[in-house]
Amino acid sequence: MAGHSDAQIASLVREMTLEEKCSLLSGADFWHTKAVERLGIPAVMVSDGPHGLRKQDTEGDHLGINDSIKAVCFPAACATASSFDREVLKKLGETLGDECQAEDVSTILGPAINIKRSPLCGRNFEYVSEDPYLAGELAASYINAVQSKHIGTSVKHFALNNQEYRRLTNSSNCDERTMREIYLPAFEIAVKKSQPATIMHSYNLINGTYAGESSWLLTDVLRKEWGFKGVVVSDWGAVSNRVKGVAAGGDLEMPSSGGKNDKKVKEAVKSDPQLEDKIDESCRRILRWVFDYLDGRQQGNFDFARHHEVAREIEEESIVLLKNEGALPLSPDATLAVIGEFAEKPRYQGGGSSHINTKAVTSVIDALSKTNITFAYAKGFEIEPDKDAARAAATAEELTEEALMLASRSKAVLVFAGLPDSFESEGYDRKHLQLPQNQNELIKRLCEVNRNVVIVLHNGSPVELPWISQVNAVVEAYLGGEAVGEAVLNVLTGKVNPSGKLAETFPLRLEDTPSFLSFANDKKNVCYSEGIFVGYRYYDTRKMDVLFPFGHGLSYTTFAYESVTVSKKSLSDKDSIEVTVTVKNTGARDGKEIVQLYVADKTNASTRPVKELKGFEKVFIPAGGSATVRFTLDKRSFAWYNTDIHDWYAATGDYDILVGASSRDIRLSESVTFKTDVVLPLPVNEDTAVGDLLRDERTARIMQDFLATHGDDEGGESSKEAITEEMVAEMLDGMPLRDLLMMGRHAEEEDLVKLMADLQAAVK
């Protein structure tokens, strides 16, 4: 079947009545678009994601309260991000694309790429990272893979939806530079590298305007700057004023408003005829999306058994070995004590709209039962203790004693700990970073009876680990999907060499987090007061101790970073350079290493983090072998967002290229020089600072000559000792031009007037 051309779609829009066009701008129900039967325009279905297919009927809900079809639950983004592997996200996307085709779902609602501003955000388990470059790159790979199967994606939540508290009405108040450097780049990368079929706008306001009503966000930035061609769809129930939303560039309202908002849009055309042009544009985009799916229909493939194996493979690439003092990999003849209710009931996904109705979940107990490993199980703790405090305490003591007895006679103890479902979910935020107290107390007591205690964590975001110095090893499984038990066991036994690394920082305590004073603490506004210093950008710049740094992850082998070279030592605005890194596997096991490249700005032209991630690659290296990794850097890799010119700007000067195993484990470095042709505006008036004029090559000589001619030459020896040249330079740095009249008897009003004229002429 031939695809529908743009001309055919435009013709359909011309044939539609205004009422039909307005009806097309909202859903028919919770999950379907509207059809226009008169013109042969069908409805299509969308479904929640992004780590599984949560297809529901027309009576379904959005928050996962009601059951959906049986489907495969893949690892959540908190896990897959730790793979640092574009190929892993490609595998996930292709598999989900096949499943959507098999279930006649046109679009899967994901990926979710909001920045992890605080570890408390209740939805962090389905967000990718605290770093926008990593989030954007992985999202682009996922989107391209899903859409290679002719299935649409819906990148969400655009933008600055970084908390669940009052998310429907709260205003995210953020300066432009912070938005451009932290909260928008992941979406920008996704648009430019993968052109998603749809983008879902968020609930919240941004600086006082609803995201869905912001023409700056939806039209100026998204469409005009980035070149987005697809459909902007509302988050479910995110529409406040539908007419304003259409005018701003919002195409599709979901779910159905029962025709109420369609009528408002139609009525608005009477007083604003130009609004119909916006309506036509939205209709063309919606029809393009609908027919792209219909023209690309395939049989699809929903092989539960095979896709379960894919879920296992993805989780194996994503598990992070946080600590290991020799207990792992497990000895083949080890007698194991397996403790913790998560061992038999793993927490493998989060709550809310991404909750998958799974067909087959494999726990570590299930996986162990299929091996020859000798083990015994003790529940140890209840994931959700009895609400009656007395009964809960009695049960906890009984379970603890059973676990301690088992641990005391075992060679190694595996404790499966984590956060209960009730601790993190869409709709509300966490209140603290602690594990349940019954788990912490049990782990401390287990360490008293056995030196080989290994902790496996099931959680969607960072937690405090007060017993970290007492345990032998810690494995971060995150929310690892339905095959988590098999994947974890394969890592514990060494069948799989762990290769994941943290896509977020684990702080020592909540009070250390950069947004601690301004996260989810106001009913109407949230102030992004930490600015660009989010995650490792904050901790590394502050030189602050953390529990585990961004990019951290161990292996059962070792890697030596042998050399780094650059293709050239200097570049300009339109140039790029290639960075080549050689890494050797110096251990006895095959393994994969995630090589990370950071850039450090040494120009002092602006306040910036000490380093920022600008490249990453995961490479397999056999034992004793080496691998060469290549990165390409361009102007954007060195730039910051300059609000004076409203564009990306890299200052002339030196930059360090840092290569390492984490943000705190830099192994190699090189330096390059950047030379820009961009001339920043320098307004000259009476309030312009002398220091700014002395640093600008256009005005430096003029300013120096004036100071030499009109400097203060009075004062005795004692005054010269009291006021040094360094002190004068510091005072001049922030002195406005108008104050130069006070510098000495040689400067008059007419001298300052002439100076201003000369300076203004120089910066034209």
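The basis for the numbers below is simple: all heavy atoms, side chains too, and nothing from hydrogens, waters or symmetry mates.
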Starting at [atom1] of [X], measure out to [atom2] of [Y] and round the result to the nearest 0.5 Å.
| X | Y | atom1 | atom2 | answer |
| --- | --- | --- | --- | --- |
| Gln147 | Tyr293 | CD | OH | 13.5 Å |
| Arg242 | Ser257 | CZ | OG | 8.5 Å |
| Phe616 | Ile594 | CZ | CD1 | 9.0 Å |
| His150 | Arg297 | NE2 | CZ | 11.5 Å |
| Ser82 | Leu138 | OG | CG | 10.0 Å |
| Leu294 | Asp104 | CG | CG | 8.0 Å |

Pair [X] + [Y], salt bridge at N-O below 4.0 Å:
| X | Y | result |
| --- | --- | --- |
| Glu94 | Lys149 | no |
| Glu20 | Lys34 | no |
| Glu315 | Arg312 | no |
| Glu15 | Arg38 | no |
| Asp251 | Arg223 | yes |
| Asp292 | Arg288 | yes |
| Glu426 | Arg167 | yes |
| Glu313 | Arg306 | yes |

Return the minimal non-hydrogen interatomic distance between [X] and [Y], and the atom names on each side.
| X | Y | answer |
| --- | --- | --- |
| Glu424 | Gly460 | OE2-N, 2.6 Å |
| Gly553 | Val320 | CA-CG1, 3.8 Å |
| Lys359 | Lys70 | CA-CD, 4.1 Å |
| Pro50 | Pro111 | CB-CA, 3.9 Å |
| Leu321 | His552 | O-NE2, 4.3 Å |
| Pro346 | His458 | CB-CE1, 4.3 Å |

Exercise. Please walk me through it: do Ser353 and Arg54 pass side chain to side chain contact (heavy atoms under 4.5 Å, CB included)?
Worked result: CA-CA 8 Å; Ser353 61; Arg54 198 174 78 89; 4.2 Å; yes
Determine whether a donor-acceptor pair (N or O, by modelled atom type, separation under 3.5 Å) exists between the side chain of [X] and the backbone of [Y].
| X | Y | result |
| --- | --- | --- |
| Ser202 | Ala159 | yes |
| Glu482 | Thr358 | no |
| Asn497 | Tyr556 | yes |
| Lys55 | Glu103 | yes |
| Asp429 | Glu164 | yes |
| Gln195 | Gly227 | yes |
| Ser234 | Glu253 | no |
| Ser118 | Cys121 | no |
| Asp98 | Gly300 | no |
| Lys156 | Leu109 | yes |

Problem set entry | Worked check of side chain to side chain contact (heavy atoms under 4.5 Å, CB included) between Lys91 and Glu317 | CA-CA 12 Å; Lys91 179 187 291 186; Glu317 294 284 347; over 6 Å; no
For this session: Answer yes or no: does atom NZ of Lys90 have more than 12 heavy-atom neighbours from other residues, nucleotides or ligands under 6.0 Å?
Result: no
Exercise. Mind checking whether Tyr478 and Phe506 have parallel, tilted or perpendicular rings, split at 30° and 60°?
Worked result: perpendicular
For this session: On the 0 to 90° scale, with breaks at 30° and 60°, tag the Trp31-Trp236 ring pair as parallel, tilted or perpendicular.
Result: tilted
For this session: Would you check, one step at a time, whether the test side chain to side chain contact (heavy atoms under 4.5 Å, CB included) holds for Glu137 with Lys193?
Result: CA-CA 8 Å; Glu137 287 289 317; Lys193 288 197 168 186; 2.6 Å; yes
Problem set entry | Minimum side-chain heavy-atom gap Leu24-Leu287 below 4.5 Å | yes
Exercise. Does the side chain of Leu368 reach to within under 4.5 Å of the side chain of Tyr377, using non-hydrogen atoms?
Worked result: no
Problem set entry | Derivation and outcome, salt bridge (Lys or Arg N to Asp or Glu O under 4.0 Å), residues Arg347 and Glu341 | CA-CA 10 Å; Arg347 181 158 178 260; Glu341 191 174 4; over 6 Å; no
For this session: Show the numbers, then the answer: is there a side chain to side chain contact (heavy atoms under 4.5 Å, CB included) between Leu12 and Val36?
Result: CA-CA 10 Å; Leu12 281 173; Val36 181; over 6 Å; no
Exercise. Regarding Thr33 and Trp289, is there a side-chain donor-to-acceptor distance under 3.5 Å anywhere?
Worked result: no
